[in-house]
There are 2 protein chains.
Amino acid sequence: MVRLKGNMLIAQSGGPSMVINQSLVGAVLAAKATASIHGIIGARHGIEGIIEEQFVNLRRETAAHLEAVAMTPSSALGSVRQKPTADDCKRIFGVLKKYEVRYFFYIGGNDSAETAHIIDEEAGAAAFDLRCYHIPKTIDNDLRENDHTPGFGSAARFVACALMGDDLDNRSLKGVKIDVIMGRDAGFLTAAAALARTAPDSGPHLIYLPERPFSLDRFCADIAVATKKWGRCVVAVSEGIRDESGTVIASKFIKERDSHGNAQLGGSGALGDYLAAAVKVKTGIRRVRADTFGYLQRAFPGMASEVDAREARAVGEVAVKQAAMEGSKSGSIVIRRAAGKRYKVQYGCVPLKKVARDTRHMPAAYINRAGNDVTPAFLDYVRPIVGCLPKIALLKNVPLPGSRLKKRQ
Amino acid sequence: MVRLKGNMLIAQSGGPSMVINQSLVGAVLAAKATASIHGIIGARHGIEGIIEEQFVNLRRETAAHLEAVAMTPSSALGSVRQKPTADDCKRIFGVLKKYEVRYFFYIGGNDSAETAHIIDEEAGAAAFDLRCYHIPKTIDNDLRENDHTPGFGSAARFVACALMGDDLDNRSLKGVKIDVIMGRDAGFLTAAAALARTAPDSGPHLIYLPERPFSLDRFCADIAVATKKWGRCVVAVSEGIRDESGTVIASKFIKERDSHGNAQLGGSGALGDYLAAAVKVKTGIRRVRADTFGYLQRAFPGMASEVDAREARAVGEVAVKQAAMEGSKSGSIVIRRAAGKRYKVQYGCVPLKKVARDTRHMPAAYINRAGNDVTPAFLDYVRPIVGCLPKIALLKNVPLPGSRLKKRQ
């Protein structure tokens, strides 16, 4: 263990989550408690703020106020969706050197891990004593080396609640309801819709993920069958569904591209409208509606999963207290699930390159053979991360003797 | 007071809400407590179930289970969106007579009041002793004779929370965010977005309602000004915005029509996508996103406003205990706000025709002169109905001395 003395810099990157501020606050409070860390610097809007030296003094935030910030969704320091070039990383490294930063913490997904990784290599090449830590965050749950990622459990809780409500709504007015859920490459968040099932006939009755090729004909046929069986149908669809050739369906009618050159899927209802129109035409079902949950999935206040909030706090603390203060190398904090029946996690720190860039997908064991639902193994996996859901109850609907209602419905 | 002896029938109609089952349970539990009411019959899916005699025996539901149903969003008996013809009403009346129904309760909006009204007139013409009661429900808050309606407060709470989260999200990643909110004719629900403002720079920065003619040019110009001022912009837009001629904007590109011949606005993201595309072109702002909140607004579990839930329960109880058991005439239950500083309501019963058919709109005193925001009077009106909102906190963002950050932001 070689403990450096100097300043720390922390920033947030990528799409916000409901618990990303837990990680920020976990790291800041841990830093306040250690003598080796002097300045606690926050950069506004991730690498954009580092390059432009837009820095806040996080020592000036009281512990009580930080606790309130921790409960607040969305990146408190501001975020950025900028894929840094190698040149950007050099500039960032220059700024870190100028501000005598010895510990750099970047909270975000795989791109943020990549940024931390390149900066770490720059520092190594320049023989500058800098430790770079990536603190995991993504509602998509697609970071390698992790059992799951902070932010996912809370977004999944929103999705599960939304589907519970939507299924009740669909029981009332029937027809087909399609819900489009975030997750370009990984289907975990869409799959969490399955947690909404509380009765044998509860929706979602069908679930479509980016991990399996999407066929519009099969989709419509599945819906027709389900509607015949249940008298109605609720469907969860990932925004990232793609055809046999791997082309993202939504990219066919969304023109805008993000900084990675991909179709901008969030903030548009186009995929849902397209699917609803197709179902109407191909099945002849009259009442077909689509909702796209959009940014509410990652920023709705008061919806955080307790487990998720606790773990998000922990990865921030672990990054400072264990990885930075007790370790001797840069790295990415990871969450692993301990073996055994009771849900328990362990935290670790792995080399940055193991988490950077590439993402992971839903394991095959979590997807049913037909590719239109999840398996019980997925429910076992996801349930403890999402935590408790609201209790709902249906009427028993006992038929009135002499009326035409024949069975409970 | 002439107390009839016989059966009661209750049903639910129109769009579900988060608290419509409170009204159902309030009425059923009150009915169980009175000796004059024998059978407590529930009809599945409103008038559709009455015509088809799809009846459940509500006496078979335990009080404890009913309490759980009361907490569950969406119409537990099922709902219907069918505008009954005079002929339908005659058939309904025939069924009520056959099942010896002396008390008919219909929970819903202005169309449901109209249905109850026509049936009541049929019964009068046939000299059949029947009392018809309309129990108010609508998230649109557009019933005449009422200060506000059950269902609105909870939907407004969802909208306020959603905007709080969305504003935080927009602080993180900037740009323009447009949120499309339910309410075809009345802007109350969209206006409730204003409750999301917790800081001087909080969004929504602009609010557009059906009560004021919508101009796309002015909309884009307003957004450009707000974005210049705040560095970002969050906008709440009613799905029912209409142009100078009164044509609903969304009806220009949504083909589907509902049973009233109006464009089917819910369950489509088309209006949001149209507005976002227009703002991009007309303002040159790059990051413009739109979300349409859709059915989550009326059915999200665990989101009910406490005041709304209590009042929804009360209107069901009042309909049975006071209007039916102590009154002598059919009528619609209404909520009135008592004078005085402390929020307090009183319940009454008015003739059905006073609530039936026509709706009410946002009073002019609740809309600002420019037609792009609400007034403080509206906030005073809406706050007690919506109740408490989650606490959120922003970092103080004190600039680091020596850095380029010049003021708290």
Side-chain angles (χ1 to χ4, degrees), chain A residues 16 41 44 52-57 60-61 65 68-69 71-79 81 161-162 164-166 168-169 171-173 266-270 272-273 276 289-296 298-302 390-400 403-405 409, chain B residues 16 41 44 52-57 60-61 65 68-69 71-79 81 161-162 164-166 168-169 171-173 266-270 272-273 276 289-296 298-302 390-400 403-405 409:
Chain A
I41 306 170
R44 298 279 291 145
E52 294 172 8
E53 299 172 40
Q54 299 287 307
F55 293 146
V56 302
N57 183 355
R60 296 285 298 275
E61 309 278 344
H65 189 68
V69 171
M71 303 281 288
T72 300
S74 187
S75 318
L77 283 168
S79 192
R81 274 208 182 282
C161 287
M164 285 172 83
D166 229 19
L168 291 164
D169 199 271
R171 283 176 190 275
S172 280
L173 287 168
S268 161
D273 288 353
R289 305 278 183 267
D291 277 331
T292 303
F293 291 167
Y295 294 139
L296 303 185
R298 68 189 192 195
F300 205 89
K391 293 270 173 289
I392 59 168
L394 305 173
L395 283 177
K396 300 202 188 304
N397 282 337
V398 180
L400 182 75
S403 85
R404 295 194 184 167
L405 188 68
Q409 52 168 243
Chain B
I41 307 170
R44 298 278 292 145
E52 294 172 7
E53 300 173 38
Q54 299 286 309
F55 293 146
V56 303
N57 183 357
R60 296 284 298 274
E61 308 279 343
H65 189 67
V69 170
M71 303 283 286
T72 300
S74 187
S75 318
L77 283 169
S79 192
R81 274 207 183 283
C161 288
M164 285 171 85
D166 229 20
L168 292 164
D169 200 271
R171 284 176 190 274
S172 281
L173 287 168
S268 160
D273 288 353
R289 305 278 183 268
D291 277 331
T292 303
F293 291 167
Y295 295 139
L296 304 185
R298 67 188 192 195
F300 205 89
K391 294 267 173 292
I392 60 168
L394 305 173
L395 282 177
K396 300 202 188 305
N397 282 338
V398 180
L400 182 76
S403 85
R404 295 193 183 166
L405 188 69
Q409 52 168 244

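To find a chain, count down the sequence lines: A is the first, B the second, and so on, and within it residues start at 1.
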Do the side chains of Pro399(B) and Phe55(A) get nearer than 4.5 Å, heavy atoms only? no
Counterpart residues, salt bridge (charged side-chain N to carboxylate O under 4.0 Å, His left out), relative to Arg289(A) (two or more places apart): Glu256(B)
Of all of Pro390(B), Ala68(B), Pro301(B), Gly294(B), which one pairs up most often with chain A through heavy atoms under 4.5 Å apart? Pro301(B)
Any idea which of Ala276(B), Ser74(B), Gly302(B) has the most non-hydrogen atom pairs under 4.5 angstrom with chain A? Ser74(B)
Would you say the side chain of Asp166(B) lies within less than 4.5 Å of the side chain of Tyr295(A), judging by non-hydrogen atoms? yes
Any side-chain heavy atom of Val56(A) sitting closer than 4.5 Å to one from Asn397(B)? yes
Report the distance from atom CG of Leu400(A) to atom CG of Asn57(B), rounding to the nearest 0.5 Å. 5.5 Å
Heavy-atom distances under 4.5 Å only: say whether Ala162(A) touches chain B with side chain, backbone, both or neither. both
Note, Met71(A) side chain near Lys391(B) side chain (heavy atom, < 4.5 Å): no
Please give me the minimum heavy-atom distance between His65(A) and Leu395(B), naming the atom from each residue. NE2-CA, 4.2 Å
Taking Thr72(A) for its side chain and Ile392(B) for its backbone only, find out whether a donor-acceptor pair lies under 3.5 Å. no
4.5 Å side-chain heavy-atom contact, Lys396(B) and Arg60(A): no
Side chains of Leu173(A) and Arg81(B): does their closest heavy-atom pair fall under 4.5 Å? yes
With sequence neighbours left out, what residues match Arg298(B) under salt bridge (charged side-chain N to carboxylate O under 4.0 Å, His left out)? Asp169(A)
Ignoring hydrogens and angles, tell me if any N or O in the side chain of Ser75(A) forms a donor-acceptor pair with the backbone of Ser172(B) under 3.5 Å. no
Which answer fits Asp291(A), side chain, backbone, both or neither, if we ask what part of it has an atom under 4.5 Å from a heavy atom of chain B? side chain
Is the shortest heavy-atom distance from the side chain of Glu52(A) to the side chain of Arg404(B) under 4.5 Å? no
Most contact-rich option vs chain A, by heavy-atom pairs under 4.5 angstrom, among Gly165(B), Gly272(B), Ala270(B), is Gly165(B)
Starting from the C-alpha separation in whole Å, work towards a yes-or-no answer on side-chain contact (heavy atoms from CB on, under 4.5 Å) for Leu394(A) and Val69(B). CA-CA 6 Å; Leu394(A) 305 173; Val69(B) 170; over 6 Å; no
Contact class of Glu61(A) relative to chain B, heavy atoms under 4.5 angstrom: side chain
Side chain of Asp273(A), backbone of Gly269(B): donor and acceptor closer than 3.5 Å? yes
Please flag which part of Ile41(A) lies under 4.5 Å from any non-hydrogen atom of chain B: side chain, backbone, both or neither. side chain
Thr292(A) portion near chain B, given a 4.5 angstrom heavy-atom threshold: backbone
